[in-house]
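Below is one structure; the comments refer to it alone.
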Amino acid sequence: MPDNTVLEVSETGTILSVINGPHPEAVFYEGVLAPGFVNAHCHLELSHMKGVVPEHTGLIPFLKTIPKHRNDFTELQKSKARHNAYEELLQNGVVAVGDISNSTDTLDIRLRDKLHFLTFIEAIGFNEDRADIAFGYASQNYNAFAEQQSGKFQLRQAIAPHAPYSVSRSLFRKINAHSPGSTITIHNQESKAEDEFFLSGTGGVTELLGSLSIDYSAFRPSGKSSLQTYLDTITTDHSMIFVHNTYTQREDVQYAKNKLDKTFWCLCPNANLYIEGQLPDINMLLEEGAYICIGTDSLASNHQLCILSELYTIKQHYPYIDWELLLCWGTLGSACALQMQIQTGHISEGLAPGINQILLLDETGVKPVVKRIF
Ligand SMILES: [Zn+2]
């Protein structure tokens, strides 16, 4: 927000007016006032797995470990962890979340009604013959979420594919046909092994599928990158959030932009550093004019659920990117990615986007602090 701007805010957080100051009754806040953060990619249902997988294992060992230990916890432990994670999001100034779900565990926290939710019901199944079963399971979960009524905060849901190597082409087509115009999200090119699998049918993904006893005998490598293989199953009515993009190449971004009208590139840098120790090529994304949004991924691959911490990590590696642009990625950029710009992501009259005070942005090398003030 520009200097000297005065916000008149109701007790419930609705912005009544935005005035050019100064104003005699205004309360002055140091630092920067910004709209609430939007977390475009999270997995609240995995919150109980904080610290279970060590850092820097690489994606394939990480993916092997999650299903092995996911159910080593009681329902009470899982529920407590989810609720704590929800509180953490609120404390860190988040007002809306794109939350991945392959269970119905997060139905409870959606009803707390302090965050807007777009829950992505994850469909997973690489065996072409089992697409009906995989889609049936996702649909059942989708229906459970769709039955919930929005309160003050919006509750929405959409079915989304897990990743290129875990979703068959038949399943991709079913997801595409489920809800025309919906936002689809996918874990995209998070490891080098992913493209290798689609280019030549070899590498770490074959090892992963084998270890999970998944029959991929019908799979034939396309000789193209993963993105350029699966994207022909998605029609242009959908907007697409590609998540991670750690190994995404310029040609992939160009291909996606030519194929679809609305493409968003979600960065989860702290999770990338946690798992692979590698960041996406953000220079290239900027050069290609990619629409960028920000997520935290889950507490299984992150030390905290804090969008400002993600932005700080980007700033450390790309110091020339202005804070103004970074804050825009974590607010309006992510709101647009979730199609929530009508509810949040910017400071405008009539909106209740949450207001954060952000301190220490100008102190080089010092981690900034976020305080929710409305
Ligand atoms: Zn994820």
Side-chain angles (χ1 to χ4, degrees), residues 1-2 29-43 85 88-99 115-116 190 241-246 248 264-287 289-299 301-338 340-341 344-347 353-373:
M1 232 176 45
Y29 287 92
E30 259 181 68
V32 169
L33 294 187
F37 287 121
V38 177
N39 186 342
H41 182 80
C42 192
H43 302 243
E88 190 181 334
L89 286 175
L90 293 176
Q91 273 167 21
N92 289 328
V94 171
V95 295
V97 61
D99 192 36
L115 290 169
H116 300 290
E190 193 179 353
I241 306 175
F242 302 95
V243 179
H244 291 305
N245 313 304
T246 329
T248 301
F264 296 90
W265 303 85
C266 182
L267 307 179
C268 307
N270 288 336
N272 300 148
L273 294 177
Y274 191 111
I275 299 175
E276 291 263 331
Q278 173 84 31
L279 288 181
D281 186 350
I282 300 178
N283 281 333
M284 178 274 290
L285 290 171
L286 283 169
E287 284 164 14
Y291 290 114
I292 293 177
C293 57
I294 305 291
T296 56
D297 219 347
S298 75
L299 282 173
S301 60
N302 207 331
H303 299 291
Q304 67 277 306
L305 301 180
C306 176
I307 295 297
L308 188 59
S309 300
E310 302 295 327
L311 300 178
Y312 178 62
T313 296
I314 298 173
K315 184 72 177 168
Q316 283 182 305
H317 289 82
Y318 295 87
Y320 59 86
I321 301 179
D322 289 342
W323 269 111
E324 198 175 341
L325 180 60
L326 291 170
L327 289 174
C328 197
W329 291 350
T331 55
L332 184 59
S334 291
C336 289
L338 298 178
M340 284 189 188
Q341 67 275 20
T344 194
H346 48 107
I347 289 177
I355 307 287
N356 288 329
Q357 179 188 19
I358 300 168
L359 296 161
L360 307 175
L361 275 187
D362 297 332
E363 313 265 335
T364 311
V366 179
K367 192 174 175 183
V369 177
V370 55
K371 285 186 188 171
R372 178 84 180 261
I373 58 168

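Throughout, numbering of the chain's residues begins at 1 and tracks the sequence. In what follows, every heavy atom counts, from backbone to side chain, and hydrogens, waters and symmetry copies are set aside.
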Item to check | Derivation and outcome, side chain to side chain donor-acceptor pair (under 3.5 Å), residues Asn302 and Glu310 | outcome: CA-CA 10 Å; Asn302 207 331; Glu310 302 295 327; 2.8 Å; yes
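Under the side chain to side chain contact (heavy atoms under 4.5 Å, CB included) rule, His43 has a single partner from Leu299, Asp297, Leu305, which is Asp297.
Side-chain atoms of Asn356 come within 3.5 Å of backbone atoms of Gly93 as a donor-acceptor pair (strictly under, hydrogens ignored). Remark: the backbone N or O of Ser334 is not paired with any side-chain donor or acceptor of Tyr291 at under 3.5 angstrom. Not one N or O on the side chain of Asn270 forms a donor-acceptor pair closer than 3.5 Å with the backbone of Thr313.
Rounding to the nearest 0.5 Å gives a distance of 8.5 Å between CD1 of Ile275 and OG1 of Thr246. The CD1 atom of Ile294 sits 6.5 Å away from atom CH2 of Trp329, with the distance rounded to the nearest 0.5 Å. In this structure, CD on Glu30 lies 8.5 Å from NZ on Lys371, to the nearest 0.5 angstrom. The CG atom of Asp281 sits 7.5 Å away from atom CD of Glu287, with the distance rounded to the nearest 0.5 Å.
Residues Pro319 and Lys315 share a closest heavy-atom pair of O-NZ, 2.9 Å. Closest heavy-atom contact between Cys268 and Val243: SG-CG1, 4.0 Å. Taking all atoms of both residues into account, the shortest heavy-atom contact from Thr331 to Gly36 is CG2-O, 3.6 Å. Summarising the geometry of Ile358 relative to Ala34, their closest heavy-atom pair is CD1-CB, 4.0 Å, with the distance given to 0.1 Å. Of all the heavy atoms in Tyr312 and Pro368, the pair that sits closest is CD1-CD, 3.4 Å. Nearest heavy atom pair, residue Gly345 against residue Pro353, reads N-CB, 4.1 Å.
Side chains of Asn39 and Asn92 form no contact here, defined as non-hydrogen atoms less than 4.5 Å apart. With contacts defined as side-chain heavy-atom distances shorter than 4.5 Å, the pair His244/Pro280 does not qualify. The shortest side-chain heavy-atom distance between His317 and Ile282 does not fall under the 4.5 Å cut-off. Counting heavy atoms from C-beta outward, Leu90 and Leu115 have side chains that approach closer than 4.5 Å. Side-chain contact between His41 and Ile241 is absent, with no heavy atoms from C-beta onward closer than 4.5 Å. Residues Leu33 and Ile373 have side chains in contact (heavy-atom distance under 4.5 Å, counting atoms from C-beta outward). At a threshold of 4.5 Å between non-hydrogen side-chain atoms, the residues Phe37 and Thr296 do not count as touching. His116 is not listed as a side-chain neighbour of Leu338, based on a closest heavy-atom distance of 4.5 Å or more.
For Asn245, the side chain to side chain donor-acceptor pair (under 3.5 Å) partners two or more places apart in sequence, or in a different chain, are Asn188. With sequence neighbours excluded, the residues forming a side chain to side chain contact (heavy atoms under 4.5 Å, CB included) with Cys336 are Phe264, Leu332, Gln341, listed by chain and number.
Taking the six-membered ring for Trp and thresholds of 30 and 60 degrees, Trp265 and Phe242 have nearly parallel ring planes, at less than 30 degrees apart.
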